[in-house]
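Following: one structure in structure tokens, then a few remarks.
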Amino acid sequence: MTPGAACLSRQGRDLVMDGVSLKALAAQYGTPLYVYSQQAMQTALRSYQQGLSGRSHLLCYAMKANSSLAVLQTFAQAGCGFDIVSVGELERVLAVGGDPAKVVFSGVGKTRAEMRRALAVGVSCFNVESEGELEVLSQVAVDSGHTARVSLRVNPDVDAGTHPYISTGLKDNKFGIAHDQALRVYQKAASLPGLQVTGIDCHIGSQIVEVSPYLDALDRLLELVEAVETSGIALDHLDLGGGLGITYTDESPPEPCDFVKQLLRRLDERGHGHRKLYLEPGRSLVGNAGVLITEVLYLKPGPKNFCIVDAAMNDLVRPAMYEAWMGIEPCVQRDAPPQVWDVVGPVCESGDWLGRSRALAVEAGDHLAVLSAGAYGMAMASNYNSRPRAAEVMIHDGQATLIRERETTADLFALERMMAR
Ligand code: LLP
């Protein structure tokens with residue numbers, strides 16, 4: 001079992017989440033099915049909150065990891081803010097009663113319409129990623145009679161040692177303003193109408209399981225904070241982005257609480273202990289709280305053994321997209337000796353696999369659980385091959401609640417129109 005997934009255990013042969021049998025959920029709701037533990041999400045959040053307690057801070061769940069309403073509701077009720085990257089994400093926050101004053105708006109390509117809406121509802125801060133964006137935000141703010149609070153996302157050029165597609169803090173990445181340009185852009189921000197400079201921000205990547213890249217990024221940011229303040233521009237908060245990784249296999253990331261304490265210690269040592277610390281964790285709040293349940297459709301033994309399941313890359317794209325390793329466990333253990341299988345989906349692409357060379361004792365009709373699927377699973381699902389998206393269930397106090405119905409085939413083309421002839 002994934003060591004990070006404390007919500008999972010075996011009762012006899014049965015894999016259970018917070019005491020609820022995953023096989024029983026598959027029978028009740030069908031497959032593919034995402035199942036989440038609300039308690040695991042709350043526990044992960046509490047660890048961050050404990051680390052930050054007594055300090056001025058804002059914790060913003062990076063909802064791109066999993067933006068299902070019941071997940072957002074869970075975090076909003078626990079007092080958490082949100083990191084958003086689109087107006088769609090903003091509307092989701094508002095739909096669950098989240099507080100816009102606890103929202104930071106990130107992303108390299110915000111449109112004018114998105115800026116207008118975010119200003120109208122009063123988001124806490126825009127994390128601005130380019131000079132062009134700064135100019136447009138200033139115009140939109142002036143035209144709409146608002147003041148936009150801004151933080152510049154600086155690219156600290158540190159190597160987070162993670163997958164190239166999810167590394168964001170190197171100078172070759174599209175994100176942020178180059179470190180050596182930042183002081184000049186801050187001066188420009190301070191001179192533009194409609195803007196109020198409030199902070200500094202960076203995000204160096206995702207699935208980072210060590211603290212040292214964060215400490216490096218923090219040092220780089222503090223150099224800039226000092227230079228910016230010396231030039232006469234006061235900065236209130238410092239946002240270190242998200243990115244604490246989780247255990248998929250043998251990674252051993254620090255507890256969020258310890259991670260945060262190390263960041264705070266460095267801030268204190270450098271004489272910046274008074275600053276408000278913002279964090280935008282995504283994966284570490286939800287990743288190990290979710291599984292994807294799938295049914296084995298066919299076994300196809302041969303020179304390579306294929307275990308064909310009813311979930312595919314459209315349901316969970318991480319293996320296909322990043323060659324990500326995700327644990328796979330039978331929902332009910334069998335006595336038979338395991339054989340080695342490639343677990344693959346029905347989509348017509350050779351890249352459609354969920355796990356390669358997995359030792360499993362499995363038969364057609366069995367159910368498998370793909371572990372650590374709570375982050376970047378459902379949020380990245382698509383309808384490729386005209387496959388309806390999966391249903392989602394949340395476990396809360398030992399009870400399962402359907403939080404998203406399975407899409408129907410009618411849903412698939414409900415917005416499409418045929419030509420007149
Ligand atoms: N803040 C910003 C500005 C981000 O771009 C991200 C993630 C986060 C926060 C949250 O990072 P986290 O705590 O989740 O590491 N789809 C990929 C991950 C992409 C991450 C993109 N940015 C995956 O499945 O591994």
Side-chain angles (χ1 to χ4, degrees), residues 4 41 44-45 47-48 58-67 71 75 80-86 89 103-110 125-130 133 151-156 160-170 173-177 199-211 213-214 217 221 238-249 251 253-254 256 259-260 263 278-290 292 313 315-326 354 370-382:
M41 294 182 187
L45 178 67
S47 182
Y48 278 101
L58 182 63
L59 204 46
C60 294
Y61 166 53
M63 57 183 282
K64 61 173 76 69
N66 187 327
S67 54
V71 172
F75 290 120
C80 192
F82 297 94
D83 168 52
I84 63 164
V85 289
S86 69
E89 289 195 342
V103 167
V104 296
F105 194 169
S106 301
V108 289
K110 302 174 194 79
C125 184
F126 289 82
N127 289 339
V128 173
E129 302 223 12
S130 64
E133 182 190 338
S151 149
L152 296 191
R153 175 167 174 179
V154 175
N155 187 331
T162 187
H163 188 284
Y165 284 11
I166 54 176
S167 174
T168 52
L170 286 165
N173 299 133
K174 70 177 174 183
F175 299 100
I177 293 164
I200 191 163
D201 151 59
C202 78
H203 174 77
I204 55 174
S206 196
Q207 185 53 14
I208 302 167
V209 289
E210 281 170 3
V211 184
Y214 281 100
L221 278 199
L238 200 147
D239 181 342
L240 270 187
L244 192 58
I246 60 170
T247 304
Y248 286 101
T249 164
E251 305 92 337
F259 164 68
V260 169
L263 299 178
Y278 283 26
L279 291 173
E280 306 163 0
R283 189 192 311 267
S284 49
L285 291 181
V286 291
N288 283 139
L292 173 63
M313 64 190 286
D315 301 297
L316 179 62
V317 77
R318 301 195 68 257
M321 194 157 168
Y322 317 110
E323 298 193 41
W325 194 99
M326 315 210 25
L354 297 176
V370 184
L371 309 185
S372 315
Y376 305 112
M378 189 63 182
M380 295 178 80
S382 77

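First listed ligand is number 1; within each ligand, the first listed atom is number 1.
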Side chain, backbone, both or neither: the part of Ser206 lying under 4.0 Å from ligand 1 by heavy atom: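 Ser206 to ligand 1: contacts from backbone and side chain alike.
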Val85 contact mode with ligand 1 (heavy-atom cut-off under 4.0 Å):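 The answer is neither.
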Who gets closest to atom 11 (O) of ligand 1 by heavy atom: His203, Arg283, Met63?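 The residue whose heavy atom sits nearest atom 11 (O) of ligand 1 is His203.
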[X]-ligand 1 polar pair, N/O distance under 3.5 Å:
X      : result
Gly282 : yes
Tyr322 : yes
Tyr376 : yes

At a 4.0 Å threshold, what atoms of ligand 1 neighbour a non-hydrogen atom of [X]?
X      : result
Met380 : 16 (N)
Asp83  : 1 (N), 2 (C), 9 (C)
Arg153 : 3 (C)
Pro281 : 13 (O)
Ala62  : 8 (C), 9 (C), 10 (C)

Keeping Asp239 on the side-chain end and Gly199 on the backbone end, is there a donor-acceptor pair under 3.5 Å?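 Not a single qualifying donor-acceptor pair exists.
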Donor-acceptor contact below 3.5 Å, side chain Glu280 vs main chain Leu240: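 Side chain of Glu280 to backbone of Leu240: no pair is present.
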Glu129 vs Asn155, test: side-chain contact (heavy atoms from CB on, under 4.5 Å). Steps then yes/no. CA-CA 9 Å; Glu129 302 223 12; Asn155 187 331; over 6 Å; no
Could you tell me whether the side chains of Tyr278 and Ser151 share a donor-acceptor contact shorter than 3.5 Å?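 No - no donor-acceptor pair under 3.5 Å links their side chains.
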Report yes or no: does Met321 have a heavy atom closer than 4.0 Å to ligand 1?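 Not so, Met321 does not reach ligand 1.
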Looking at side-chain heavy atoms only, is the closest gap between Tyr61 and Asn66 below 4.5 Å?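 Touching, per the 4.5 Å side-chain cut-off.
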With Glu210, which residues qualify under side chain to side chain donor-acceptor pair (under 3.5 Å), at least two apart?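 So Glu210 forms no side chain to side chain donor-acceptor pair (under 3.5 Å) with any residue.
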To the nearest 0.5 angstrom, please state how far the OG atom of Ser130 sits from the CZ atom of Arg153.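 The distance works out to 11.5 Å.
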Which residues share a ring-ring contact (aromatic ring centres under 6.0 Å, His included) with Phe126, sequence neighbours left out: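 Result, ring-ring contact (aromatic ring centres under 6.0 Å, His included) vs Phe126: Phe105.
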